[in-house]
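Read the structure below first, then the notes.
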Amino acid sequence: REWADGVAITDVTVRPQVQPEKSLTAFVEVTNMTAAVFRGEVKAKVEGEQWNVLGSVELKPGEGKVVELRKKFPEAHLWSPADTYLYNMTASIRSDGFRDACVVPFGFREIRWKGGHRFFMNGHPITLRRTNSDYDCVKNHELRLRQMKTFRSRGITSYRIWTPSDLEVFADICDREGMLIATCFNTGWGAAYKTEEFWPRYERALRKMIRSLKNHPSVICWGVSNEFGGIYGGRLPDGSYSERAMQHQAEIGDRLLELDPTRPWEAYGEMEGRPQGEMTPEGLSGKGPMPLRSLHYPSLGNEAPRGAR
């Protein structure tokens, strides 16, 4: 959505909580693109008035604010791969002369990761049997569904998928069909050789991806790169790793967690897949910043503990 003037809802984040009690929080971003002060009402409701919260906002000309609306939702119907029940939330603003609203589909579910490899949804463990999918090869809608049902029949529960321009469409299908998604952002190769201009652009693109997909219940983590030459560095001509590139990646990963604290990030590749991100310029240390163990490119150092399988 784009606006030339007026007051508008510019973003909505829906964040369910299952434990210790069911509650729902809506973060409604409102932006004033007029030359006057705006005072108005902000409301978020779930279809049928099952859950609704009212708030207010005051904005100076050109100012934007995020209004947090939270309330218990004890009767919420949980989303899971076995029960893909979806809600619609309507966020709206109202004042004399201004009205705006948007509808956001979402699933009421909460995910947690433990130990870098154990995945829980709504308090229950789920075994992630993941496959890779080249989305561009399955653009046909019927073929997508047929492929998805075949995977499900063989016990596959999640995709690692490259990030195409219409991944939101694919995420809509996964929301309805109960397939889980780990994104795979295309960065190209050679982290050690990227210029300083690259890293802010890279972060902006990752933020755009997260902003567009964050309300999809099927998305369970953010894959930020693939075969990037070592996500914590990338080899230089002398065989060493670039500490500068490693630092950039770790800092961006931390900021992504600030943007979406409900999903960790991971990366895929020759050295990216070490357990707990065990990559430093000196080699494997067990102190790397990657929160998850990569489920791809397995090696002896990347296997889950035998008792956890």
Side-chain angles (χ1 to χ4, degrees), residues 1-17 22-73 75-77 79 84-110 163 165-176 183 203-219 222 255-256 258-263:
R1 302 172 66 182
E2 295 183 358
W3 303 265
D5 54 27
V7 181
I9 295 172
T10 46
D11 190 42
V12 178
T13 301
V14 182
R15 193 166 294 167
Q17 177 181 306
K22 293 180 183 176
S23 65
L24 185 62
T25 304
F27 298 90
V28 184
E29 182 181 272
V30 185
T31 304
N32 180 8
M33 293 164 282
T34 73
V37 173
F38 172 82
R39 298 180 182 87
E41 172 185 287
V42 183
K43 183 178 181 180
K45 69 174 184 178
V46 173
E47 53 195 347
E49 299 287 345
Q50 300 178 58
W51 179 96
N52 67 85
V53 184
L54 190 65
S56 62
V57 67
E58 179 175 330
L59 299 171
K60 300 175 183 177
E63 184 179 21
K65 287 183 180 179
V66 176
V67 181
E68 181 177 339
L69 304 172
R70 184 180 186 276
K71 185 180 177 181
K72 294 179 182 179
F73 196 177
E75 65 274 23
H77 189 135
W79 186 96
T84 58
Y85 188 89
L86 294 170
Y87 286 105
N88 284 319
M89 174 181 285
T90 300
S92 61
I93 55 172
R94 183 174 64 179
S95 182
D96 294 339
F98 289 102
R99 288 175 182 263
D100 190 32
C102 67
V103 178
V104 180
F106 73 98
F108 198 102
R109 64 100 177 99
E110 184 177 36
T163 307
S165 58
D166 57 347
L167 181 54
E168 286 186 75
V169 176
F170 189 80
D172 283 336
I173 297 173
C174 290
D175 290 346
R176 297 191 299 269
T183 65
E203 183 173 352
R204 286 196 298 270
L206 285 170
R207 286 177 173 270
K208 182 178 180 181
M209 176 185 72
I210 292 174
R211 190 178 176 101
S212 67
L213 296 173
K214 62 187 174 182
N215 292 317
H216 286 275
S218 57
V219 178
W222 305 115
R255 289 195 290 271
L256 294 180
E258 293 175 3
L259 179 64
D260 180 11
T262 69
R263 299 177 179 93

In Å and rounded to the nearest 0.5 Å, what is the [atom1] to [atom2] distance from [X] to [Y]?
X	Y	atom1	atom2	answer
Glu168	Asn215	CD	CG	10.0 Å
Leu69	Leu54	CG	CG	8.0 Å
Trp79	Thr84	CH2	OG1	7.0 Å
Lys22	His77	NZ	NE2	8.5 Å
Thr183	His216	OG1	NE2	12.0 Å
Arg99	Ile9	CZ	CD1	12.0 Å

- Task: In sequence, state the C-alpha distance, the side-chain angles, and the governing distance for Val12 and Cys102, and then conclude on side chain to side chain contact (heavy atoms under 4.5 Å, CB included).
- Result: CA-CA 9 Å; Val12 178; Cys102 67; 3.6 Å; yes
Handout entry: Test side chain to side chain contact (heavy atoms under 4.5 Å, CB included) applied to Thr34 and Phe98, step by step
Key = CA-CA 11 Å; Thr34 73; Phe98 289 102; 3.7 Å; yes
_Lys214: which residues meet the salt bridge (charged side-chain N to carboxylate O under 4.0 Å, His left out) condition with it, sequence neighbours left out?_
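Residues passing salt bridge (charged side-chain N to carboxylate O under 4.0 Å, His left out) with Lys214: Asp11.
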For Lys65, salt bridge (charged side-chain N to carboxylate O under 4.0 Å, His left out) partners two or more places apart: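 Result, salt bridge (charged side-chain N to carboxylate O under 4.0 Å, His left out) vs Lys65: none returned.
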Ignoring hydrogens, what is the shortest heavy-atom contact between [X] and [Y]? Give both atom names and the distance.
X	Y	value
Ser23	Phe108	O-CZ, 3.3 Å
Val28	Ala91	CG2-CB, 4.1 Å
Met89	Val14	SD-CG2, 3.8 Å
Ser218	Ala171	OG-O, 3.6 Å
Ser212	Met209	OG-O, 2.9 Å
Leu59	Asn32	O-ND2, 3.3 Å

task = Name all residues meeting the side-chain contact (heavy atoms from CB on, under 4.5 Å) criterion together with Leu259; count only those two or more places apart in sequence or in a different chain, and write none if there are none.
result =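 Checked Leu259 against side-chain contact (heavy atoms from CB on, under 4.5 Å); matches are Arg207, Ile210.
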Check your understanding: With Lys71, which residues qualify under side-chain contact (heavy atoms from CB on, under 4.5 Å), at least two apart?
Key ->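 Here the qualifying residues are Trp51, Val53.
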request  = Evaluate side chain to side chain contact (heavy atoms under 4.5 Å, CB included) for Ile93 paired with Val7, printing each intermediate quantity in order.
outcome  = CA-CA 9 Å; Ile93 55 172; Val7 181; 3.7 Å; yes
Output yes when Glu203 and Lys208 qualify as a salt bridge under the 4.0 Å nitrogen-oxygen rule, no when they do not.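 Salt bridge flag = no for Lys208 with Glu203.
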Could you go through residues 38-47 and list every donor-acceptor pair under 3.5 Å that involves a side-chain atom there, pairing it with any protein atom two or more places apart or in another chain?
| residue | atom | partner | partner atom | Å |
| --- | --- | --- | --- | --- |
| Arg39 | NE | Glu58 | OE1 | 3.3 |
| Glu41 | OE1 | Arg94 | NH2 | 3.4 |
| Glu41 | OE2 | Arg94 | NH2 | 3.1 |
| Lys45 | NZ | Glu49 | OE2 | 3.3 |
| Glu47 | OE2 | Asn88 | N | 3.3 |

Q | Any donor-acceptor pair under 3.5 Å from Arg109 side chain to Pro16 backbone | A |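 The answer is no, because no donor-acceptor pair under 3.5 Å joins these two groups.
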query = Run the side chain to side chain contact (heavy atoms under 4.5 Å, CB included) check on Leu86 and Asp175 step by step: do they pass?
reply = CA-CA 8 Å; Leu86 294 170; Asp175 290 346; 4.3 Å; yes
- Task: With sequence neighbours left out, write down each residue that passes ring-ring contact (aromatic ring centres under 6.0 Å, His included) with Tyr87, or none if nothing qualifies.
- Result: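 Expected list: Phe73, Tyr85, Phe106.
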